[in-house]
Amino acid sequence: MREIIIQNLKLVLILSGVVLLAVANTFHRTIFKVDIDHLLAEIGALLLVVGFLHFLFELRLRQEMIREISFPS
């Protein structure tokens, strides 16, 4: 189970970001002057961006590794 999560880390990050954004838009709650819904939305957006950047980096890195192996200098 752990290996599956590690292999699909970018998908887990993106999905958890989307879920947190969706949950944050369903309620409004303030505790100690902290808007919990805004906090969840910000964390969800952060996870979404990190997952997307992880996906782009892995895509680019994979192409670079294939190019290095195929055409050594």
Side-chain angles (χ1 to χ4, degrees):
M1 178 73 174
R2 184 172 184 221
E3 289 121 17
I4 294 172
I5 292 175
I6 291 173
Q7 289 174 354
N8 296 318
L9 182 62
K10 58 191 169 296
L11 182 62
V12 170
L13 286 171
I14 291 171
L15 285 178
S16 60
V18 170
V19 167
L20 281 175
L21 281 170
V23 168
N25 286 313
T26 60
F27 70 96
H28 178 72
R29 179 85 173 154
T30 303
I31 299 177
F32 297 121
K33 296 184 182 180
V34 176
D35 292 331
I36 301 300
D37 54 330
H38 289 152
L39 181 64
L40 286 179
E42 295 291 333
I43 292 171
L46 174 68
L47 291 177
L48 189 61
V49 169
V50 167
F52 184 68
L53 290 176
H54 186 299
F55 170 74
L56 290 178
F57 178 75
E58 185 178 291
L59 184 67
R60 178 75 176 162
L61 184 64
R62 184 178 297 145
Q63 289 175 353
E64 187 66 31
M65 287 173 52
I66 290 172
R67 190 178 9 243
E68 251 183 56
I69 292 171
S70 299
F71 305 108
S73 45

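Hydrogens, waters and symmetry mates play no part in the numbers below; they use all other heavy atoms, side chains included. Note that the numbering runs from 1 along the sequence shown for the chain.
Judged as a side-chain hydrogen bond (donor to acceptor under 3.5 Å, both in side chains), not a single pair has a partner in residues 44-53 (not counting sequence neighbours). Screening residues 19-31 for salt bridge (charged side-chain N to carboxylate O under 4.0 Å, His left out) gives no qualifying pairs among residues at least two apart or on separate chains.
Taking D37 as the reference, F27, H28, D35 meet the side chain to side chain contact (heavy atoms under 4.5 Å, CB included) condition, with sequence neighbours excluded. With sequence neighbours excluded, the residues that form a side-chain hydrogen bond (donor to acceptor under 3.5 Å, both in side chains) with R67 are E64.
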Between side-chain atoms of residues 41-58 and protein atoms elsewhere (two or more places apart, or another chain), which donor-acceptor pairs fall under 3.5 Å?
unit_1, atom_1, unit_2, atom_2, d
E58, OE2, K10, NZ, 3.0
E58, OE2, R62, NH2, 2.9

Identify all side-chain donor-acceptor contacts of residues 11-24 below 3.5 Å with residues at least two apart in sequence or on another chain.
unit_1, atom_1, unit_2, atom_2, d
S16, OG, V12, O, 2.9
S16, OG, L13, O, 3.0

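Under a hydrophobic clustering in which Ile, Leu, Val, Met, Phe, Trp and Tyr are joined whenever their side-chain heavy atoms come within less than 4.5 Å, directly or via other members, I69 and I66 fall into different clusters.
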